[in-house]
Amino acid sequence: MRVTEWHKLPVSLTELCINTSLRCGQSFRWRKSTEDEWSCGLHGRILSLRQDSEYLHYRAIFPSTKPPTPPSSTATSAAQSVEADEDDTLAFVKHYLNLGPNLGQLYEQWASTDPNFRKRAPKFTGVRMLRQDPWEALIGFICSSNNNISRISSMVSNLCLHYGPLIGHIDNVPYHDFPTPEALADPKVEAHLMKLGFGYRAKYIYKTAVMVASKGDGIAWLNGLCNPELPAFGERIGEAGELVEGGRDGYRKAHEELLALHGVGPKVADCVCLMGLGWSESVPVDTHVWQIAQRDYRFGKGRNSSLTAATYTAVANHFRKLWGKEAGWAHSVLFTADLKAFSERLVEKKVKEEENVIKEEADEPTVHNVHIKTSTSRKRIQPASGDKEHDVIKVEEKVVRRSKRMRN
DNA sequence: AGACTTCCTGCTCC
DNA sequence: AGGAGCAGGAAGT
């Protein structure tokens, strides 16, 4: 193995908080390699990240067989090859962490148009959408149906262990790259994944791998669905057009195409669009987001009493209208704020607020608005107070038709 | 179009 | 103790 030195980038915690962004349910493979270090096998190397208040620190570990130094090479060319790898890792880190958008500015924008965002976001700054490999995102979110983050993580880890190329080890823990579509398109895969506890998702993964692998040149088809302004790593930049209510044309097309894959419905397609394909207006509406929409945005009444395909589109369009082009990013902040794994931040907040109440008791009666989940049940969340029938948000958009499913 | 059922597994709850 | 009930859905009816 070849271990590079640590490098650093100036990044504030409000622009990127890896401790939140790497475990808020958008990626499933990062693990803590030491107390304050996150590592993941990506793009032929083990990438490790650390962060302090001023810098993001990164390091790559390459397999010893990766850069095959030609026997005829001179010392100069060997140095150049190391140099090229370093540059590649920096470029990859910037690409993967999606460091372009000014997150602090976006938070201000979302807070200015949405009181609920303003209320909930302060404890969850630095939640940045990663730009993951589209293929990995696709398979990861196929695994996510009827599932939870920790089990999804172990399933994806198993996929890499059995079908992904080994890159190297840290403290005897193996790190693999994500398997290719071809590796998962083997007819033995379905039964094997079944045995590994993937359940009904085993068939989805196998069939989707066959379909993607049969599209021709590897994953070019999938990468071709990327937002041209944020293309796959190493590809050329184009233009994506203006945001309209249902999202830009490229987003709608990508979403529709993804629906043709087995195991991919509207929610999974939106996750891939947002987290793999760079379509920032994509708003995946899962059961949690649906709960948030009912609790804080007056959904769940009248025609929108249940999460149907029409309601799904209505919720997503509402958030696009409210938050703008990066609606999916804002959605992810509120989603993270509702995750049970981060609920201790809300408890701390409540304790602080109670302390403040005691301190300022004489000043003014204080209304407690902070909603704390004390049970694991999310089914009986109270609707926002003051709901009126005429405030109910109605379905305004035609439901996007599901494209015909390819069968073999 | 919307409501309902089934699908795998692992966990919590009672 | 052991069976509902549920968890960051999709597909079929």
Side-chain angles (χ1 to χ4, degrees), chain A residues 23-28 127 129 137-159 189-208 211 255-256 258-275 282-295 300 302-316 328 331-343 373-381 394-408:
Chain A
R23 58 194 189 101
C24 67
Q26 56 173 323
S27 61
F28 305 106
V127 178
M129 297 315 303
L138 173 59
I139 296 302
F141 286 105
I142 286 177
C143 292
S144 76
S145 77
N146 260 328
N147 216 340
N148 55 70
I149 293 177
S150 90
R151 187 169 162 230
I152 300 165
S153 299
S154 78
M155 286 164 68
V156 172
S157 171
N158 258 331
L159 275 182
V189 164
E190 182 180 339
H192 184 210
L193 294 184
M194 208 61 171
K195 201 181 69 182
L196 289 175
F198 280 63
Y200 60 86
R201 306 163 198 89
K203 181 182 293 183
Y204 293 163
I205 292 169
Y206 168 66
K207 286 193 166 184
T208 290
M211 288 169 72
H255 192 265
E256 186 181 344
L258 289 170
L259 289 180
L261 300 171
H262 217 64
V264 180
K267 186 267 180 183
V268 170
D270 268 322
C271 287
V272 177
C273 283
L274 177 62
M275 299 157 193
S282 173
V283 180
V285 183
D286 61 23
T287 169
H288 285 177
V289 175
W290 175 232
Q291 297 297 337
I292 292 170
Q294 292 176 84
R295 185 190 64 199
R303 298 286 174 264
N304 286 326
S305 61
S306 64
L307 184 50
T308 65
T311 311
Y312 184 104
T313 307
V315 171
H331 131 283
S332 198
V333 175
L334 295 192
F335 177 87
T336 302
D338 254 38
L339 273 182
K340 204 167 66 175
F342 295 109
S343 60
K373 285 193 199 348
T374 51
S375 96
T376 55
S377 169
R378 294 170 176 267
K379 284 289 179 186
R380 295 183 300 128
I381 294 169
K394 299 208 168 61
V395 182
E396 297 166 4
E397 182 82 355
K398 285 181 191 168
V399 179
V400 178
R401 287 193 188 282
R402 190 178 184 83
S403 61
K404 283 186 183 174
R405 195 164 287 286
M406 283 175 59
R407 299 184 189 282
N408 25 354

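Atom CG of A:Leu193 is separated from atom C1' of B:dC8 by 12 Å (rounded to the nearest Å). At whole-Å resolution of the value, CG in A:Leu196 and P in B:dG10 are 11 Å apart. In this entry the distance linking CE of A:Met155 with C1' of C:dA7 reads 13 Å, nearest Å. Atom CD1 in A:Ile142 sits about 11 Å away from atom C1' in C:dG9, given to the nearest Å. Separating the OH atom of A:Tyr312 from the C1' atom of C:dA10 is a distance of 12 Å, rounded to the nearest angstrom. Rounded to whole Å, the distance from CG on A:Asn148 to C1' on B:dC8 is 13 Å. Atom NE2 in A:His288 sits roughly 8 Å away from atom P in C:dG9 (whole-Å rounding). Across the protein-nucleic acid pair, A:Arg201 atom CZ and C:dA7 atom P stand 14 Å apart, rounded to whole Å.
Pairing for B:dA3 is with C:dT13, a Watson-Crick or G-U wobble pair whose two hydrogen-bonding atom distances lie under 3.5 Å. Checking C:dA1 for Watson-Crick or G-U wobble geometry (two distances, each under 3.5 Å) identifies no partner in any strand.
For A:Val268, counting side-chain heavy atoms from C-beta on, the closest listed nucleotide (C:dA10, B:dA3, B:dC8) is C:dA10. Of the listed nucleotides (B:dC7, C:dA10, B:dG2), B:dC7 has the atom at the smallest distance from the side chain of A:Asn146. Taking every side-chain heavy atom of A:His262 into account, C:dG12 is the closest of C:dG9, C:dG12, B:dC8. Taking only side-chain atoms of A:Lys267, from C-beta outward, the nucleotide of B:dG2, C:dA10, B:dC8 with the closest atom is C:dA10. Here the side chain of A:Tyr200 is nearest to one of B:dC7, C:dG12, B:dG2, namely B:dC7.
In this structure, A:Asn147 reaches the sugar-phosphate backbone alone: every heavy-atom distance under 4.0 Å involves primed, P, OP1 or OP2 atoms, never a base. Backbone-only contact: A:Gly197 has heavy atoms under 4.0 Å from sugar-phosphate atoms and none from a base. Residue A:Cys143 is classed as having no contact, given no heavy-atom separation below 4.0 Å to the nucleic acid.
Checked against the 6.0 Å centroid threshold, A:Phe198 and A:Tyr206 do not count as a close aromatic pair.
Rounded to whole Å, the separation between the P atoms of C:dA4 and B:dT5 comes to 16 Å. As rounded to the nearest Å, C:dG9 and B:dA1 have P atoms that lie 23 Å from one another. Distance check on atom P: C:dT13 versus B:dC8 gives 15 Å, rounded to whole Å. Between B:dC4 and C:dC6, the two P atoms lie 14 Å apart (nearest whole Å). For the P atoms, the distance linking B:dC7 with C:dG2 amounts to 24 Å, nearest Å.
A:Ser145 and A:Tyr204 share no donor-acceptor pair across their side chains, judged by distance under 3.5 Å alone.
The shortest non-hydrogen separation linking A:Arg201 to A:Asn146 is NH2-O, 3.3 Å. Residue A:Tyr312 comes nearest to A:Asp270 through the heavy atom pair OH-OD2, 2.6 Å, listed as atom of the first residue, atom of the second, then distance. The two residues A:Phe141 and A:Lys267 come nearest to each other via the heavy atoms CD2-NZ, 4.3 Å.
Checking the phosphate oxygens (OP1, OP2) of B:dA3, a side-chain nitrogen or oxygen of A:Ser306 falls inside 4.0 Å. A:Thr308 has no side-chain polar atom (N or O) that falls below the 4.0 Å cut-off from OP1 or OP2 of B:dA1.
A side-chain donor-acceptor contact under 3.5 Å links A:His331 to the backbone of A:Pro284.
Along DNA chain C, the nucleotide nearest A:Met275 and the nucleotide nearest A:Tyr204 are compared for position; the residue whose nucleotide lies closer to the 5' end is A:Met275.
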